Enquirer: 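Structure provided below as structure tokens; questions to follow.
Per chain, numbering begins at 1; letters A, B, ... match sequence-line order. No experiment lies behind these values; they were computed from the predicted model shown.
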Amino acid sequence: MHNKVDFSQFPDQRGHFGRYGGRFVAETLMEALHELDEAWQNYRNDPEFLAELDADSAHYVGRPTPLYHAEHWSQRLGGAQIYLKREDLNHTGAHKINNTIGQALLAKRMGKTRLIAETGAGQHGVASATVAARLGMECVVYMGAEDIQRQALNVYRMRLLGATVQPVTSGSRTLKDALNEALRDWVANVDDTFYMIGTVAGPHPYPLMVREFQAVIGREAREQMLTDYGCLPDALVACVGGGSNAIGLFHPFLNDAEVVMYGVEAAGSGIETGHHAATLCAGRPGVLHGNRTYLLNDADGQIIETHSVSAGLDYPGVGPEHAWLKDMGRAHYVAVTDDEALRGFHDLTRIEGIIPALESSHALAYVTKLAPTMGPDQSIVVNLSGRGDKDIYTVARLEGIQL
Amino acid sequence: MNRITRRFQELSRTGRKALIPYITAGDPRPELTVPMLHTLVAAGADIIELGVPFSDPMADGPVIQKACERALTHGMSLRGVLSLVREFRQTDSETPLVLMGYLNPVESLGYDAFVAGARDAGVDGVLTVDLPPEEAAELAEPLKAAGIATIFLLAPTSSRERICHTAELAQGYLYYVSLKGVTGSAAINVAEVAEKLAMIRTCTDLPVGVGFGIKDPPTAAAVAKVADAVVVGSTLVAKMAELADDPERMRHEVAQLVAAMRQAMDQA
């Protein structure tokens with residue numbers, strides 16, 4: 001059925017991917033979203049805007065990122081050839097900056113002087129603080145009080161960059177609550193403030209806009225495969241929290257029906273334990289943070305707390321486009337546990353000399369299962385969405401080592 | 001006729017404005033909610049907005065966020081709210097009750113089950129904060145068929161075109177959010193509110209209530225001069241939180257506050 005869908009035509013004008021997406025916010029935000037949507041529609045194909053974005057991507061972020069053939073690891077696994085899309089080599093160490101440089105350019109054109117953002121692990125917060133520093137804009141990052149404890153390094157990085165890190169003590173004191181608090185700030189300061197959402201969730205146009213800024217990942221990977229190896233990959237693998245690095249890789253390949261896609265969620269201690277963040281694998285549709293999508297919620301529709309070794313995947317929702325791709329079967333969603341992800345982390349570090357982020361390690365862990373089921377003439381592109389320096393303390397602690 | 005419409009007609013005949021207190025169901029404890037509803041009626045409430053607690057109340061300030069957390073800690077749920085409404089209706093068949101909350105608990109229960117449950121319990125209106133008119137048809141139509149009003153928010157930033165479109169879908173009354181911010185924010189500017197209300201009235205004959213930022217009797221009185229209804233939430237919820245351990249005193253002081261607002265509005 002999905003062979004007939006032209007994926008470039010979604011979402012529709014009101015932000016719907018089938019029954020997912022949309023704009024479920026209080027009236028107090030509707031005008032701000034209209035204003036944002038108008039500006040986005042105005043600039044998304046504007047040659048000057050795109051030229052500035054391309055120049056920043058090249059000279060500030062460091063794009064294009066390499067597509068690296070992980071030969072040693074491929075050989076060890078004894079199956080498909082594995083190619084790593086090296087988003088870890090971007091400035092600030094992850095794919096998040098692809099989105100923040102884009103949104104910041106838009107904010108500047110809209111005449112906004114204040115940037116706000118939510119962050120979980122701190123990667124999007126750092127990417128936001130970075131572009132704010134560069135453009136001389138005020139920056140406030142909302143971060144759950146729990147996460148501030150877990151991610152001291154990134155908190156300090158944001159403060160060095162001049163951002164105010166605002167602890168969020170409501171609810172479960174994690175990423176979802178930080179998002180609530182950022183929305184509350186936006187409602188109250190809508191005249192001068194631009195809200196930079198860090199993932200492909202939130203009310204329309206965010207899932208579309210963030211996807212467009214992240215799709216550079218898949219566009220480059222597709223061209224690199226065709227140029228360097230003369231074929232498309234057989235499979236794509238990326239981790240999914242909110243889902244921005246995954247949609248960024250997947251989207252330019254969606255109309256290539258022969259390319260199989262796997263989004264890898266965080267199974268935490270195991271889905272059966274209830275301590276996980278595997279929204280698509282174990283959740284059901286609902287409405288949160290401005291869009292209809294899969295959610296982890298209890299029988300009464302209250303959002304429940306998630307658990308993952310990787311703070312960046314610790315989110316009870318997921319981008320609505322992923323929900324839609326799951327239902328139609330265009331992409332497959334799987335989950336790997338904390339332990340499996342940690343093994344992926346060590347494998348890549350020791351075999352290829354690349355320390356991956358714990359988020360990306362979930363994708364790597366699934367590759368260790370997938371690659372051996374495929375032949376050596378087949379290929380997998382896996383999104384290495386971030387580098388693991390930020391996770392060193394977490395890994396050391398889990399192994400009983402004090403740094 | 002829906003109880004909300006009937007109540008506004010009665011008020012209009014006597015030249016009075018509606019006082020609409022808000023409390024969160026189950027806060028501070030579920031067994032205190034129904035007695036508090038009766039207390040509010042006795043103190044002069046014309047309509048009551050009963051908050052359905054949600055884990056992620058995006059449009060609410062700290063006072064109502066904490067009320068939601070307290071209610072959820074005590075196991076309150078949308079089903080639980082409906083049984084509180086049923087209990088209230090055993091002794092009060094006149095006072096209109098409006099459920100105010102967020103969409104996900106309703107999605108989780110299912111629209112059909114929710115509408116049937118709300119109708120059977122005696123709910124008169126539903127205000128779903130994160131359900132703007134663009135997305136509302138799927139819920140508003142069955143509600144209307146069940147005789148329940150769908151109540152929409154309007155904001156200082158809403159354009160006239162939007163207001164008129166929203167008014168076409170709305171029933172019962174329109175709820176004008178008096179400031180850019182969340183519930184319980186800084187005090188409102190009555191002159192600005194009056195200006196916006198005049199514009200809203202060029203679109204609709206529905207009564208218009210004003211809420212967010214009304215903290216004391218003088219403000220309630222000032223707003224009552226320009227609006228059809230005055231909604232008071234965070235101030236009452238904060239008082240309830242403060243006196244949660246002394247339910248008698250809590251009811252007494254909340255009743256005093258509501259009565260003072262009633263009196264100020266009626267003299268305005």
Enquirer: Is the CD atom of E272(A) crowded by more than 12 outside heavy atoms at less than 6.0 Å?
Expert: yes
Enquirer: Between P57(B) and chain A, which part of the residue has a heavy atom less than 4.5 Å away: side chain, backbone, both or neither?
Expert: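 Contact with chain A is through both the backbone and side chain of P57(B).
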Enquirer: Walk me through it: do F54(B) and Q302(A) pass the test side-chain contact (heavy atoms from CB on, under 4.5 Å)?
Expert: CA-CA 6 Å; F54(B) 181 48; Q302(A) 308 297 342; 3.4 Å; yes
Enquirer: Heavy-atom cut-off 4.5 Å, strictly under: side chain, backbone, both or neither for V177(B) against chain A?
Expert: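 For V177(B), the side chain is the part near chain A, not the backbone.
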Enquirer: Does atom NZ of K215(B) have more than 12 heavy-atom neighbours from other groups under 6.0 Å away?
Expert: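 Yes, because the 6.0 Å sphere around NZ of K215(B) holds more than 12 heavy atoms from other groups.
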Enquirer: Residue by residue, scan residues 106-123 of chain B and write down, ordered by number, those that have a heavy-atom distance under 4.5 Å to chain A; if none do, write 'none'.
Expert: E107(B), S108(B), Y111(B)
Enquirer: What distance separates S55(B) OG from D298(A) CG, expressed to the nearest 0.5 Å?
Expert: 7.5 Å
Enquirer: Within the supplied structure, the quantity of interest is the number of heavy atoms (other residues, nucleotides, ligands) at a distance under 6.0 Å from E31(B) CD; does it exceed 12?
Expert: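 Atom CD in E31(B) is crowded, with more than 12 foreign heavy atoms closer than 6.0 Å.
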Enquirer: Quickly, which of R292(A), R14(A), H16(A), R23(A) forms a side chain to side chain donor-acceptor pair (under 3.5 Å) with E135(B)? Name it, please.
Expert: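 For E135(B), the side chain to side chain donor-acceptor pair (under 3.5 Å) test succeeds with only one of R292(A), R14(A), H16(A), R23(A), which is H16(A).
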Enquirer: Restricting to non-hydrogen atoms, name the atom on P132(B) and the atom on F24(A) that form the minimum distance, rounded to 0.1 Å.
Expert: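 Distance-wise, the nearest heavy atoms are CD-CA, 4.1 Å.
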Enquirer: Less than 4.5 Å apart, side chain to side chain, heavy atoms only: is that true for D130(B) and V25(A)?
Expert: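 No - every pair of side-chain heavy atoms lies 4.5 Å or more apart.
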Enquirer: Count the heavy atoms belonging to other residues, nucleotides or ligands that lie under 6.0 Å from NZ of K326(A), then report whether that count exceeds 12.
Expert: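 Buried by this count: over 12 neighbours within 6.0 Å.
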Enquirer: Is L103(B) close to chain A through its backbone or its side chain, or both, or neither, when contacts mean heavy atoms under 4.5 Å?
Expert: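 Side chain only.
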Enquirer: Before you tell me yes or no, could you show the steps for M30(A) and T157(B) under side-chain contact (heavy atoms from CB on, under 4.5 Å), namely the whole-Å CA-CA distance, both residues' side-chain angles and the distance that decides it to 0.1 Å?
Expert: CA-CA 8 Å; M30(A) 289 304 284; T157(B) 47; over 6 Å; no
Enquirer: Between atom CD of E69(B) and atom OG of S170(A), what is the distance when rounded to the nearest 0.5 Å?
Expert: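 Taking CD in E69(B) and OG in S170(A), the distance rounds to 6.5 Å.
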Enquirer: For the side chain of N104(B) and the backbone of L288(A), is there at least one donor-acceptor N/O pair under 3.5 Å apart?
Expert: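 Not a single qualifying donor-acceptor pair exists.
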Enquirer: If I measure from the heavy atoms of chain A, does L72(B) come under 4.5 Å with its side chain, its backbone, both, or neither?
Expert: side chain
Enquirer: Given a strict heavy-atom distance threshold of 4.5 Å, which part of I303(A) is in contact with chain B: side chain, backbone, both, or neither?
Expert: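 Answer is both: backbone and side chain atoms of I303(A) are under 4.5 Å from chain B.
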Enquirer: Which residues in residues 195-202 of chain B have a heavy atom less than 4.5 Å from any heavy atom of chain A?
Expert: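 If one takes a 4.5 Å heavy-atom cut-off, no residue of residues 195-202 of chain B lies near chain A.
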Enquirer: With a 4.5 angstrom heavy-atom cut-off, could you sort out which part of E134(B) is near chain A: side chain, backbone, both or neither?
Expert: both
Enquirer: Which answer fits L179(A), side chain, backbone, both or neither, if we ask what part of it has an atom under 4.5 Å from a heavy atom of chain B?
Expert: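 Answer is neither: L179(A) stays 4.5 Å or more from chain B.
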Enquirer: Of the non-hydrogen atoms in R79(B) and D300(A), which two are nearest, and what is the gap between them?
Expert: NH1-OD1, 3.9 Å
Enquirer: Which of residues 31-38 of chain A have a heavy atom under 4.5 Å from any heavy atom of chain B?
Expert: E31(A), H34(A)
Enquirer: How close do R184(A) and D60(B) get, heavy atom to heavy atom, and via which atoms?
Expert: NE-O, 2.8 Å
Enquirer: Taking only residues at least two apart or on different chains, which pairs with a member in residues 187-206 of chain A satisfy salt bridge (Lys or Arg N to Asp or Glu O under 4.0 Å)?
Expert: D191(A)-K180(B)
